[in-house]
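Have a look at the structure below, then the notes.
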Amino acid sequence: MLLCPACYSEYRTWDQVADHMSGLATMSESAHVMWLNRNLSKEELSKNELGQRLSEMFSNEGSLLEWARNAVIRKIYSGPHPLILAMQKPTREDLLGYVIEHQHFLKNWVRVLSSVIERTDRNDVIKYELENITTEFLGCSGPSHFELLMRMGESLGMRKEEIQSIGPLPSTTKAIGEWREISFKMGWQETMGAMHSLELIADRGISSYGAKMHYFNVKILSSNDYPKEVKRFLGEGYSADTYHSSEALSLVEKYAGSRQSVQVAIIKSLDAVSSYFNARLERAAMLR
Amino acid sequence: MKVTVNGKVAGSKESGCALCGATWGNYYDVICGERLFFCCDLCAKGFKNIVDRSGIENINSIEIKGNYYSGRRCVVSGEGRASSFFIRFSDDAEVSEFREEQFPRKQGHGQSL
Ligand SMILES: [Zn+2]
Ligand SMILES: [Zn+2]
């Protein structure tokens, strides 16, 4: 079974998927046109070419982790996304934009991962997600990721109460809606793949796999230009995300029914995170 | 009205969507009296937002540089003047970021839409 990566309709062959996508693109149906534009080609392709390109894109070669890492590099680092550029020398506004929008991202993160726990009967998955949720929201041996985020905001001159009183920008809301849709429409394996492949973006090793730069300029961690709370928050993610994502994606690979449906969810999730990254830039521009 | 997207003439099925340059789709809209090709209705909506924000009614040319992710730098010329601005659209082609710019600055890193 193969899914249309834009609308989740089910087909048996790539030719059928291509036929369906091509037909809707010809009618200018925006979800399909945008998916093709953003993920495959801006040049219209024949049905044959499209089928071929789709089967290459959703290849079965290598591990799911390798596939997801390549998808992250293509989607986020090949431009690179302007947020990645901003994070090479972030201003106070860039970092406050991070704090304000990311609180909503993190809250949604734990809610969506809870839906994985609710639906799985696998002990290793339940344990893994409980640990992840605890680290993000409650804290294990130290403060939670959420608490470190608030401290970063305070070190930049904004009170916690003020930060928490600001709602998400529409692009963040839109992204959160996409992640919730993945969890409502797809299985726990797809949901897990969609969420944890995002951790590859901040993976410390991403540049050794072909990304032009890291998620943020690593020199910040030893720089005197940033408060220690900023360095602590960025540093925690830097050391944690490699383990998080590779462990999660191997669990997904172990239990997934269909690799392609997980891949569809991962691409949807990377589209959503691009929109969320835009929100951070928009928030920073509003604070300037 | 001459439309260029990332340095290439656009606005017909052959040359590509007047906002993003893509050649998928078959959507046409008459804007400022001219029939322009768009890949979908969202790109047409974005394009109309660019026209509206320029404040120029009789447009000679529109230069667009950028994409969905990076946002777009636009120079709209007509009525003996030019309006330059940065604009970013949300997923439903509403304006999510807008600022006027004195001079069109060099565009950053663009990839496909
Ligand atoms: Zn579809
Ligand atoms: Zn377009």
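Chain letters run A, B, ... following the sequence lines, proteins first and then strands; every chain starts at 1. Remember, predicted model here, so these are calculated numbers, not experimental data.
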Which distance, rounded to the nearest 0.5 Å, do you find between the OG1 of B:T23 and the CG of A:L45?
-> 8.0 Å
Interface moiety of A:L40 toward chain B, non-hydrogen atoms closer than 4.5 Å = neither
In terms of heavy-atom contacts, does CZ of A:R180 have more than 12 from other residues, nucleotides or ligands at under 6.0 Å?
-> yes
Taking side chain as C-beta onward, heavy atoms only, is A:L169 less than 4.5 Å from B:S96?
-> no
Roughly how far, to the nearest 0.5 Å, is CG of B:D92 from NZ of A:K174?
-> 6.5 Å
What distance separates A:S30 OG from B:L42 CG, expressed to the nearest 0.5 Å?
-> 4.0 Å
What distance do B:Y69 atom OH and A:L281 atom CG have between them, rounded to the nearest 0.5 Å?
-> 13.5 Å
Quick one: does B:W24's side chain have a donor or acceptor within less than 3.5 Å of a partner on A:S22's backbone?
-> no
Could you state the interatomic distance from CD (A:E44) to CD (B:E14), rounded to the nearest 0.5 Å?
-> 10.5 Å
Without swapping roles, check the side chain of A:T26 against the backbone of B:G25 for a donor-acceptor pair under 3.5 Å.
-> no
Does CD in A:Q164 sit with more than 12 non-hydrogen atoms of other residues, nucleotides or ligands closer than 6.0 Å?
-> yes
Any side-chain heavy-atom pair of A:P82 and B:S70 under 4.5 Å = yes
Side chain from CB out, backbone as N, CA, C, O: work out which of these in A:L24 comes under 4.5 Å of a heavy atom of chain B, or both, or neither.
-> neither
Among A:P170, A:A279, A:S274, A:S275, which has the most heavy-atom pairs under 4.5 Å with chain B?
-> A:S274
Identify which part of A:L83 has an atom lying under 4.5 Å from any heavy atom of chain B, answering side chain, backbone, both or neither.
-> neither
Write down the atom of B:C20, the atom of A:K42, and the distance for their closest heavy-atom approach.
-> O-NZ, 2.6 Å
Any side-chain heavy-atom pair of A:M34 and B:C43 under 4.5 Å | yes
Segment of B:K13 engaging chain A (4.5 angstrom heavy-atom cut-off) | side chain
Does some side-chain heavy atom of A:N278 sit less than 4.5 Å from a side-chain heavy atom of B:R88?
-> yes
Locate the shortest heavy-atom distance separating A:S28 from B:F38; write the atom from each residue and the value.
-> OG-O, 4.4 Å
Neighbours of chain B found in residues 87-100 of chain A - heavy atoms under 4.5 Å = none
